[in-house]
Amino acid sequence: MDLSTILLTIVNKMDGERTIYAGYHLLRGKRSGQTLQDVEYYGVKSFFGILPKLSMEQFEEAAQQLEQAGYLAKNDDALAFVTEKGRMRVGQCPSYQFNGWDYRGREWVFFERLSLIVQTVSNMGAGERSFMPIQKEQAIQDFVKTLLVKQPISEPQFAQSIADELKRSIRQSGMDELQKTILTHRLSGFRMTGWTWDQLADQLKRNSFDIRLLFIESLHRLLTVVHTSDDFPFLRKVAANIKVTSYLTESSMKTKQLFERGMSLEEIAAARNLKRSTIEDHFVEMAINDPQFPLSQFVSEEYATDVIAKVNELGTRRLRILKSEFNALSYFQLRLILGARTGGNA
């Protein structure tokens with residue numbers, strides 16, 4: 001697993017309809033209307049926001065590797081597409097198990113909580129009450145203190161119960177042996193410090209960036225098991241509020257509330273002192289994520305049906321092409337149709 005093969009997979013899903021930088025915004029979790037649409041339209045939710053700190057330099061290096069290998073190319077409109085050689089390479093790529101759409105970087109919070117819990121219980125079980133906490137962030141320390149305050153943290157049975165849950169959840173997650181090694185070696189305990197990324201890279205003979213990708217996927221695998229099973233009551237508490245509960249941005253939620261009060265798009269833009277285009281992005285986000293979105297208030301059912309039929313006929317969701325077919329519709333109306341009929345509510 002590396003950044004270049006993940007990028008190749010993303011470009012293959014976008015099928016020559018976006019520039020290479022759509023992948024950059026996707027991986028960083030950009031909350032723009034275009035990126036949020038791409039997430040739904042092209043089925044790339046799993047990759048959303050898995051690398052929020054990805055630098056442009058790292059991204060462009062991965063893209064150049066793909067082009068130099070003959071896997072990617074660009075057309076006259078600078079849209080990236082996968083070559084025939086690239087499609088063969090895609091077929092060799094693993095079936096990634098990321099879940100970026102649901103976790104959006106908060107998998108790191110889960111691990112920070114877990115690592116401090118393991119360190120605390122390990123030290124307390126060994127009779128060591130004074131130790132330097134591995135996690136310095138106050139919010140993490142407060143969470144762990146609250147979770148453990150009424151627990152018998154010095155008793156061997158409590159430590160064993162946590163260990164049992166962790167072992168079973170790791171086993172059920174399906175992560176491979178390499179990921180198990182990375183995950184467990186990142187944990188600290190009594191007189192034992194978790195390994196750094198560089199130490200892991202040196203020991204495993206892997207690039208440290210690739211190791212982080214494996215680590216992120218392992219956390220997503222683990223969290224999926226914890227959230228979908230009743231067999232891990234303690235880990236479920238550790239994972240509290242890690243999974244996203246509302247897929248609307250905070251700003252879009254405010255727009256939604258005003259819309260539900262009966263305000264028009266123009267009135268909302270004026271009330272919030274935002275550009276009309278920004279409010280339109282919010283409405284598109286609502287159309288994608290809200291099953292009850294009233295599309296008929298913006299465009300007729302006949303037009304909506306015709307647009308989706310044309311999408312299927314042409315095999316494209318590119319707005320410029322669809323606009324040439326439906327000149328009477330605005331780009332905003334087209335985006336709403338695509339969001340409501342090909343997005344999360346389709």
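For this chain, numbers begin at 1 and follow the sequence in order. Nothing here was measured: the structure is a model prediction, and the numbers come from that model.
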Side chain to side chain donor-acceptor pair (under 3.5 Å) assessment of Gln58 paired with Ser55: CA-CA 5 Å; Gln58 290 171 315; Ser55 71; 3.2 Å; yes

Salt bridge (charged side-chain N to carboxylate O under 4.0 Å, His left out) evaluation trace for Asp15 with Arg87: CA-CA 11 Å; Asp15 200 24; Arg87 292 189 188 282; 3.5 Å; yes

Verdict with supporting geometry, Thr181 and Glu177, side chain to side chain donor-acceptor pair (under 3.5 Å): CA-CA 6 Å; Thr181 297; Glu177 293 302 317; 5.7 Å; no

Leu329 and Ile337: CA distance, side-chain angles, deciding distance, side chain to side chain contact (heavy atoms under 4.5 Å, CB included) verdict: CA-CA 10 Å; Leu329 297 179; Ile337 293 170; 4.1 Å; yes

Verdict with reasoning, Gln97 to His220, per side chain to side chain donor-acceptor pair (under 3.5 Å): CA-CA 7 Å; Gln97 299 297 314; His220 288 188; over 6 Å; no

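Aromatic ring orientation, Phe59 versus Tyr21: tilted (interplanar angle from 30° to 60°). Taking the six-membered ring where tryptophan is involved, the planes of Tyr103 and His227 are essentially parallel, since the angle between them stays under 30° and well short of 60°. Ring orientation note: the planes of Phe158 and Phe234 are nearly perpendicular, at an angle over 60° on the 30°/60° scale.
Aromatic rings of Phe48 and Phe98 (six-membered ring for Trp) have centroids beyond the 6.0 Å cut-off, not under it. The aromatic ring centroids of Phe47 and Tyr42 lie 6.0 Å or more from each other. In this structure, the ring of Phe131 has its center no less than 6.0 angstrom from the ring center of Phe190.
In this structure, a donor-acceptor pair under 3.5 Å is present between the side chains of Asp2 and Ser4. Residues Asn12 and Thr9 have side chains that never bring a donor and an acceptor to within less than 3.5 angstrom of each other. For the residue pair Ser296 and Glu301, no side-chain donor N or O sits within less than 3.5 Å of a side-chain acceptor on the partner. Remark: the Ser188 side chain and the Gln119 side chain contain no N/O donor-acceptor pair separated by less than 3.5 Å. Glu285 and Tyr247 are not linked by any side-chain donor-acceptor pair at a separation below 3.5 angstrom, with hydrogens and angles left out of the test. In this model, no donor atom of one side chain and acceptor atom of the other lie less than 3.5 Å apart for Gln135 and Gln141.
Relative to the ring axis of Trp101, Arg104 places its NZ or CZ within 45° and under 6.0 Å from the centre. Under a cutoff of 6.0 Å and an axis angle of 45°, Lys74 and Phe81 do not form a cation-pi pair. Figure legend: Arg186 and Trp197 shown as a cation-pi pair, the cationic atom lying under 6.0 angstrom from the six-membered ring centre and within 45 degrees of its axis.
Side-chain heavy-atom separations under 4.5 angstrom define the hydrophobic clusters, and the remaining members of the one that includes Ile321 are Leu314.
The side-chain contact (heavy atoms from CB on, under 4.5 Å) search around Gln203 returns Trp195, not counting sequence neighbours.
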Give the table of side-chain donor-acceptor pairs shorter than 3.5 Å for residues 268-276, with sequence neighbours excluded, one pair per line with atom names and distance.
from   : atom 1 : to     : atom 2 : distance (Å)
Arg272 : NH1    : Ser251 : O      : 2.7
Arg272 : NH1    : Ser251 : OG     : 3.2
Arg272 : NH1    : Thr255 : OG1    : 2.9
Arg272 : NH2    : Ser251 : OG     : 3.1
Arg276 : NE     : Glu280 : OE2    : 2.8
Arg276 : NH1    : Glu266 : OE2    : 2.5

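Of all non-hydrogen atoms in Arg113 and Val144, the two that sit nearest each other are O-CG2, 3.8 Å.
Residue Glu260 qualifies as enclosed at atom CD: its count of foreign heavy atoms under 6.0 Å is above 12.
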